[in-house]
Amino acid sequence: MSGIIIAALIVGVVGFLVAIFLSVAGKAFFVPVDEKEVAITDALPGANCGGCGYSGCAACAAAIAKGEAAVNACVVGQQPVADEVAKIMGVTAEAGERKVAFVHCVGDCEKTHMDYEYYGPKKCSNVKMAPGNGPKSCSYGCIGLGECVEACEYDAIHIVNGVAKVDEEKCKDCKACMKVCPNGLITEVPYNYVSHIGCSNPEKGKPVMQNCKVGCITCQKCMRDCPVQAITMDKGYPVIDYAKCTNCGICKAGCPRNCIV
């Protein structure tokens, strides 16, 4: 009987010592929790898409709490989340301009042709390593096998007649599609603007016309027509400066190749 009592006392003493050790260790190694950071993390959508430029929502929340990122840093949550985060931080959220993804290619199956049959892996990144950057007549255009579709978590991009098309109403501008396009055709553009350049072919004239019925031939008519000089030539093809653009649509109406969409 005395053995049982001794064992019980030993267990009790050991438990008491462990409790003391844990209590001391807890105080010694205590890491203070930023309540704002926790609240911001809860307010963010939890998509962990990386569209904000951080590794995930937790990292974004930490940056906002420290004042290293804006309260509207989350591109997925957009203004409603920005407003909620702003309340937590005790500031006013500025209304950011909504942006969406855009595919700079309008050369679908009816506007281009195939130079040869391709039998390799059906992924854009694999096709790009084939001769001529793939079988499509325009080596700069959308390959059309949908790696961007697989990357999008919001069902906002689909392959339509051989070319990726973005559903602007679903797009959250998370940039996942932009990161996987091997031809670098997808960029972000302002949601409220009516004109976007639908071609990224830097070649000129006849070679473009042979490969695509709507490819930009760099005639520069859009640049000359623009009343505010919002279009310039960059790396061989026109680029719209949306900070100058007045949304008049003159460039789109006057494009002889219908590649401004």
Side-chain angles (χ1 to χ4, degrees), residues 100-149 151-152 156-168 171 177-189 193-226 230-242 245 249-261:
V100 293
F102 177 76
V103 182
H104 293 270
C105 179
V106 289
D108 58 29
C109 295
E110 297 175 358
K111 308 297 190 307
T112 58
H113 58 271
M114 295 295 175
D115 290 334
Y116 59 88
E117 291 292 331
Y118 173 82
Y119 295 102
K122 301 297 183 181
K123 293 191 69 175
C124 299
S125 53
N126 292 114
V127 173
K128 185 173 174 59
M129 293 186 288
N133 287 339
K136 197 172 183 178
S137 56
C138 177
S139 59
Y140 301 95
C142 177
I143 296 172
L145 293 181
E147 280 191 60
C148 53
V149 177
C152 180
I157 188 166
H158 300 91
I159 302 300
V160 180
N161 200 16
V163 172
K165 300 289 184 183
V166 176
D167 184 337
E168 295 180 347
C171 180
C177 59
M178 304 176 199
K179 295 175 183 177
V180 299
C181 178
N183 279 346
L185 295 175
I186 309 176
T187 66
E188 62 176 7
V189 298
Y193 282 73
V194 299
S195 301
H196 306 298
I197 308 296
C199 181
S200 295
N201 191 338
E203 296 180 337
K204 300 179 180 180
K206 188 176 180 179
V208 177
M209 299 175 71
Q210 289 176 333
N211 294 326
C212 181
K213 295 179 181 179
V214 291
C216 176
I217 56 175
T218 62
C219 67
Q220 301 186 20
K221 187 176 186 301
C222 56
M223 187 172 69
R224 294 192 300 270
D225 288 348
C226 181
I231 300 179
T232 56
M233 302 302 292
D234 181 28
K235 298 179 181 179
Y237 49 85
V239 174
I240 298 175
D241 182 348
Y242 293 103
C245 179
I250 292 176
C251 59
K252 177 181 176 181
C255 178
R257 298 287 289 173
N258 295 316
C259 63
I260 302 181
V261 297

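Bear in mind the structure is a predicted one, so any value in this text is a computation, not a measurement. Counting begins at 1 with the first residue of the sequence.
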Review point. So how far is it from C212 SG to H113 NE2, rounded to the nearest 0.5 Å?
Key: 10.0 Å
Review point. Looking at I231 and M223, what are the two nearest heavy atoms and their distance?
Key: O-CG, 3.0 Å
Check your understanding: Can you find a heavy atom in the side chain of V163 that is under 4.5 Å from one in the side chain of K165?
Key -> yes
**Study point:** Backbone N/O of C216 and side chain of Y237: donor-acceptor pair under 3.5 Å
**Key:** no
Review point. Which heavy-atom pair separates G141 from L185 by the least distance, and what is that distance?
Key: C-CD1, 3.3 Å
**Study point:** Heavy-atom pair with the smallest gap, counting every atom of I157 and A164
**Key:** CD1-CB, 4.0 Å
Review point. Aromatic rings F102 and H196: how do their planes relate, parallel, tilted or perpendicular, breaks at 30° and 60°?
Key: tilted
Check your understanding: So which heavy atom on K136 is nearest to which on D115, and how close?
Key -> O-OD2, 4.1 Å
Point to revise | Heavy-atom closest contact (S195 atom, K252 atom, distance) | key: OG-CB, 3.6 Å
**Study point:** Spacing of OG belonging to S137 relative to CD belonging to Q210, to within rounding of 0.5 Å
**Key:** 10.0 Å
Exercise for review: Can you see which heavy atom on C251 is nearest to which on C222, and at what distance?
Suggested key: CB-CB, 3.9 Å
Review point. Does the side chain of N201 come within less than 4.5 Å of C138's, by heavy atoms?
Key: yes
**Study point:** Centroid-centroid distance, H104 to Y140, less than 6.0 Å
**Key:** no
Check your understanding: Would a 4.5 Å heavy-atom cut-off, applied to side chains only, mark N183 and I143 as touching?
Key -> yes
Practice item. Determine, stepwise, if the pair I186 / M178 fulfils side chain to side chain contact (heavy atoms under 4.5 Å, CB included). Key: CA-CA 5 Å; I186 309 176; M178 304 176 199; 3.7 Å; yes
Point to revise | From CA spacing to verdict: side chain to side chain contact (heavy atoms under 4.5 Å, CB included), K111, V106 | key: CA-CA 8 Å; K111 308 297 190 307; V106 289; over 6 Å; no
Review point. Picking from T187, I260, V239, what satisfies side-chain contact (heavy atoms from CB on, under 4.5 Å) with I197?
Key: I260
